[in-house]
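Notes follow the structure.
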Amino acid sequence: MLHVHWHGGRHLIMLMLGSAVLGLGIVPLEPLLTVIGQVSRVLRTRIIVTLTYLPLVYGMTRLWRLEGAAAAGVVAGLIMFGICLRPVLAWFGQMAPGRAPARPVTAETQGGEGGTGTS
């Protein structure tokens with residue numbers, strides 16, 4: 001940007017791009033989890049990621065300066081994406097196209113008399 005180049009700039013931009021792509025992947029997962037009744041999972045995941053990110057960004061920044069901070073963002077994005085993706089994939093596995101919904105159990109499907117209820 002602005003034709004200013006420095007050693008390691010490309011590496012930093014790639015880390016920031018990775019963090020942004022992970023963030024874009026998380027955007028549709030959070031509302032979907034809310035809709036399928038997993039809003040508490042979203043809140044717990046945000047708390048876990050925040051509590052993990054703060055010491056991680058401090059330590060990685062002290063070790064690797066600006067690149068460490070960018071890498072900590074990538075790690076936090078991976079954790080958030082992984083935790084949110086698991087229940088979404090399980091939900092899609094249950095609701096996959098082509099799967100017939102479970103039929104309700106009735107007397108006819110159990111091999112009964114067919115609705116009179118008396119013998």
Side-chain angles (χ1 to χ4, degrees):
M1 290 178 63
L2 303 175
H3 302 287
V4 176
H5 301 281
W6 74 92
H7 179 69
R10 180 171 288 148
H11 186 246
L12 178 64
I13 295 294
M14 294 307 288
L15 285 170
M16 292 170 57
L17 177 65
S19 182
V21 168
L22 285 168
L24 288 174
I26 295 166
V27 167
L29 295 179
E30 288 181 334
L32 181 58
L33 285 170
T34 301
V35 168
I36 63 174
Q38 298 282 330
V39 73
S40 62
R41 182 180 295 263
V42 174
L43 180 61
R44 279 185 306 210
T45 303
R46 278 285 170 199
I47 291 169
I48 290 168
V49 169
T50 301
L51 292 176
T52 304
Y53 175 72
L54 292 174
L56 190 66
V57 74
Y58 176 76
M60 291 179 80
T61 302
R62 286 190 53 104
L63 286 175
W64 299 302
R65 305 193 199 302
L66 196 53
E67 287 86 4
V74 172
V75 170
L78 281 170
I79 293 169
M80 185 71 185
F81 187 74
I83 293 174
C84 286
L85 187 63
R86 185 172 179 220
V88 168
L89 290 177
W91 181 76
F92 273 123
Q94 294 172 353
M95 305 302 288
R99 287 189 174 209
R103 294 186 351 201
V105 177
T106 62
E108 294 172 0
T109 58
Q110 289 181 347
E113 294 284 322
T116 60
T118 58
S119 298

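Below, all heavy atoms of this structure are taken into account, side chains as well, without hydrogens, waters or symmetry copies. In this chain, numbering begins with 1 at the start of the sequence shown.
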Which pairs of donor and acceptor atoms, one on a side chain in residues 40-53, lie under 3.5 Å apart (sequence neighbours left out)?
| from | atom 1 | to | atom 2 | distance (Å) |
| --- | --- | --- | --- | --- |
| Arg41 | NE | Gln38 | OE1 | 3.2 |
| Thr45 | OG1 | Arg41 | O | 2.6 |
| Arg46 | NE | Glu30 | OE2 | 2.9 |
| Arg46 | NH2 | Glu30 | OE2 | 2.8 |
| Thr50 | OG1 | Arg46 | O | 2.8 |
| Thr52 | OG1 | Ile48 | O | 2.7 |

When you group the ILVMFWY residues by side-chain heavy-atom contacts below 4.5 Å and let the links chain together, are [Y] and [X] in the same group?
X     : Y     : answer
Val75 : Leu63 : yes
Ile79 : Leu89 : yes
Ile36 : Leu85 : yes

Inset, instruction - Check Ile26, Leu29, Leu22 against Met80 for a side-chain contact (heavy atoms from CB on, under 4.5 Å) and give me the one that passes. - result: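 Looking at Ile26, Leu29, Leu22, the match for Met80 under the side-chain contact (heavy atoms from CB on, under 4.5 Å) is Ile26.
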Point-to-point distance, once rounded to the nearest 0.5 Å, from [atom1] of [X] to [atom2] of [Y]:
X     : Y     : atom1 : atom2 : value
His11 : Met16 : NE2   : CE    : 12.5 Å
Leu32 : Phe92 : CG    : CZ    : 5.5 Å
Leu12 : Leu17 : CG    : CG    : 11.0 Å
Ile13 : Glu67 : CD1   : CD    : 10.5 Å

Residue pair [X] / [Y]: nearest heavy atoms and the distance that separates them:
X     : Y     : answer
Cys84 : Val88 : O-CG2, 3.4 Å
Leu15 : Ala70 : CB-CB, 3.7 Å
Ala69 : Thr61 : CB-OG1, 3.4 Å

